[in-house]
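To keep things clear, I will list the structure first and then write my remarks on it.
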Amino acid sequence: MPTPPYHRPSPPRALLSFLIVLCLLAGLARAQYVLVTPLDHPVSGNNQACAFDAEAQTDDLLITGLDVALYAGGQWLEIWTRSDGGPHGDQLGSNTGWTLVASDLVYCDHDGQVFTTTFPLDLPITAGSKRGLLVTSDHGNGLPTRAGGPSVFAQDGRLTLRDGRGQASLFGSTPVVGDDFEGQVRYRKESLGSQQSLAMGSVQTYGNRQIYFDLEAETEIVVTGLDLVLGTGQHDIEIWATKSLLSGAGLEGQFGAWRPIGRATGVSVTTPGLVRIPIELDVQVPAGGARGLTAVLSSTASALGTGAAAPTTVAAQDAFLTVRSGGASNAVFGGNFVPSLPAGRVHYRHPPLDAISAGTTATLTGTNGGAVIPGYFFDVQASDFLRLGKLEIGTLGVTPTPVARNCKVYALRSGGSYVGHETSSGDWIEVASTNLSIGIGLSLKTIATDLALALAPGEKQGFLILMSGSNVAAASGTTPGAISFADSRLAVLEGRYATGFATPTGAIRPYLRVAYQTLGSAAQGFREDFETATGLVPPSGWLSEVRRGVNRVADGWRWDNPGSRFVPATLTGTFAIADSDWAGSGNPIDCALISPRFDASRGPVVLSFAEYYRSYNGPERVDVQVWNGSTWVTVYTAMAPSPASDRILSLDLTAAAAGCPNAALRFRYQGDYDWYWMLDDVTVLAGGLVFGDAQRPQLSIGEFDLNEAKEANGYGVNSGFPGPYYAQGNVSVPAVFSWEGEPNQPVMLLSGVWNPGLFELFPQGQLDIGGYDPFTATFFDLEVLGDGTQPGFLNQLFRIPAGGRLELPFNLPVFTTGNTYNFQSLVFSSIQNIAITNPVIFTVDP
């Protein structure tokens, strides 16, 4: 957070210096890797192409980009690929089997410059297989290459690159062995997900050269290929996509709105019909988004569609993808656009759930459908920290004319399984209500855009869905509580038929889809100042839950201070607030904010946070809880009526966290037209720190002195007064530092620019020397003076000798006359126990 003029205290950074490596271990969702190849190309050369193999070792990989070493000048750069292996056969004799995946005009300033491409590649390689890659350039000197045979020229244990072939002319008849790719391959480990196909029809109409259609995704998908119905003849085929994530409607004639994503020439068709287009596609369509595609053929005997549908007509649809018809004409990107339906198949895959990063949405989909019922109970159970979002149910219409139905979703108020609560309406809260138009057949309908309910690992949440009338789809089941469908993080458990809050009549398997978010990881700790939060959206990796409230999202934690409350000095910039008064009369709220997970198994855990709690009459209360692996343990509670609190709290979480390697915090607020709770600067330090008293040196641990420094009243460092202490010296004369303590005891001398605003963190004490921030790997005017090489501690530490006293001279840096410098020491009684000595302010004399 920004530091105000009065110097708002900041967290004690320097006392964590020796744990830098541990604190930097943040949870990474999908690590990006870069494999750099040798850059030993000759200055001369006339190659315009280099081909090579990329082989995955033990993991599925996804190539996300290539950075290419080029010769100076402007050139047209193209990247081609083939998924059935590399160029070690005769695959460079023609472009058969190769797919153009990227092309652009680039410019390099000097020979050998590595050009960082912006081509959005998404090329999968399954473990143990290989992919061919070909980079071409139209420049006179082509691509830098080096001599070599068909052998490994770069590898890192996950990805291996093997020499390929290249030549002066693209896809010529005489490949030349030994032209290596030079540059960088960017990739990540990723399970490649399941492949699915959607049929678009099979009606043939000859004569069209181009067809447009839109892809609309319910969940995120990646289109990997197309089958089209083609007529007899030789076909040159190009596939284009809209450059941005936009529908193609209205862009049919705008050449600049499209980019080529694949090309195949000489596709021979002897019998008219469905043909797999030999182009490997990588077209990403986000959840709820659309992408325009167009297919262009050079043959005049090409069947692309019926030519008899409106541009918005649905050509094909399944639970994940909708294809809408577009327009076509005999002129590429020009002329009149006659509506047409594409004929063929769309192949696509889902990005895998295990590759989802914190804060993104995953979707769990049921596959069962069948009986017609008015409603049902069911449970969901988490195996990770999750926030339940969008909820869709299968509806089964039985009449051609759409029927209006009201659908309500209830959640068990206290969480847990629905079992035993089926007949008590007081145990439930309504979390969604919507009117649906139910047409004939089975379809998915959204009944909650955001459930805003959170679960910890192992926790269940019971639901009841009720529909006016009887058009809700579910499948027959056997045992209530058995898993109906699941992925690695969430399971939907079989439920029971329901007719309101009454005794259920039998087991069912619900037909529904549940979207959820995962919680982020913070390794050994984290610091959150909420500066990246906006409105209703928490920082990345945090989850916001609304268990009770009229508005499923707005009645929870917010970051926009909707009631324009007074902001005390302990909070600045953006902060979190749960505001019962702003929610209004008759709207009791119960909301929680869950932190990223952290590892509490390596030693003591300390939490600090700034708060302002203003209470009213009750039953308002606030709780801070920690997840210990099986339950939420309360470590702090305040209830109305209580005086307003404007403070920084420090809590020891060690006992409550119980060594859980997957711990998390929960800040829970409950109020009924009461006041509010504000939070800021939430810091968790995990990994074995027990702080000593920094206000006074602990004689049993160590003492620190600099040139007999005195505090304002003349008391020396060893007098036990808190200081700060002052000393003067000349930069040409070494300053003498001394320590007293136990023999062989490690100490670390720190120095930084003096700042008069001393930080106080009760009960740890004061520290203000600048420092090293382990969360951002940033120095704040801090130097570590001295060096030791004793085993067991970092290299910056040195030890008190056997006599119990250490005196060392240090040549101070040259500073301008009158400058002040601050010195303190960390004194260790063990790797887990630290005392912070008093600050000594050193003024540079002439």
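The figures that follow rest on heavy atoms only: side chains count, while hydrogens, waters and symmetry mates do not. One-based numbering along the sequence shown.
- Smallest separation of non-hydrogen atoms from Tyr516 and Leu490: CD2-CD2, 3.8 Å.
- A distance of 9.5 Å separates CD in Glu392 from OH in Tyr511, rounded to the nearest 0.5 Å.
- Side-chain atoms of Thr294 come within 3.5 Å of backbone N or O of Ile211 as a donor-acceptor pair.
- In plain terms, the two heavy atoms of Asp236 and Gly266 that are nearest each other are OD1-N, 2.9 Å.
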Go through the steps for Glu216 and Leu321 under the test side-chain contact (heavy atoms from CB on, under 4.5 Å), then give the verdict.
-> CA-CA 6 Å; Glu216 299 176 356; Leu321 177 64; 5.8 Å; no
For Leu226 and Ile239, what are the C-alpha separation, side-chain angles and deciding distance, and is it a side-chain contact (heavy atoms from CB on, under 4.5 Å)?
-> CA-CA 9 Å; Leu226 284 177; Ile239 306 296; 3.9 Å; yes
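- A side-chain donor-acceptor contact under 3.5 Å links Thr242 to the backbone of Gly292.
- At least one donor-acceptor pair under 3.5 Å links the side chain of Thr81 to the backbone N or O of Gly132.
- Proximity of the aromatic rings of Trp240 and Tyr212 is defined here by a centroid distance below 6.0 angstrom, and this criterion is not met.
- No salt bridge links Asp53 with Arg131; every basic N to acidic carboxylate O contact stays at or beyond 4.0 Å.
- For Asp67 (side chain) and Val185 (main-chain N/O), no donor-acceptor pair under 3.5 Å exists by modelled atom type.
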Step-by-step side chain to side chain donor-acceptor pair (under 3.5 Å) determination, Gln57 to Thr160 | CA-CA 7 Å; Gln57 300 304 309; Thr160 297; 2.7 Å; yes
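- With respect to the salt-bridge test (charged N to carboxylate O, under 4.0 angstrom), the residues Asp214 and Arg324 do not qualify.
- With sequence neighbours excluded, the residues forming a salt bridge (Lys or Arg N to Asp or Glu O under 4.0 Å) with Asp450 are Arg387, listed by chain and number.
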Decide yes or no on side-chain contact (heavy atoms from CB on, under 4.5 Å) for Val514 and Leu388, but give the supporting numbers first.
-> CA-CA 7 Å; Val514 186; Leu388 305 179; 4.2 Å; yes
Starting from the C-alpha separation in whole Å, work towards a yes-or-no answer on side-chain contact (heavy atoms from CB on, under 4.5 Å) for Leu77 and Leu70.
-> CA-CA 10 Å; Leu77 193 66; Leu70 297 172; 3.9 Å; yes
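- Considering every non-hydrogen atom in both Phe52 and Arg162, the closest pair reads CB-O, 3.2 Å.
- Summarising the geometry of Ala51 relative to Leu134, their closest heavy-atom pair is CB-CD1, 3.7 Å, with the distance given to 0.1 Å.
- Partners of Ala315 under the side chain to side chain contact (heavy atoms under 4.5 Å, CB included) rule, at least two apart in sequence or in another chain, are Val323, Leu341, Pro342.
- In this view, Lys445 satisfies the salt bridge (Lys or Arg N to Asp or Glu O under 4.0 Å) rule with no residue, not counting sequence neighbours.
- Smallest separation of non-hydrogen atoms from Leu274 and Gly344: CD1-CA, 3.4 Å.
- The shortest heavy-atom contact between Pro278 and Ala264 is CG-CB, 3.7 Å.
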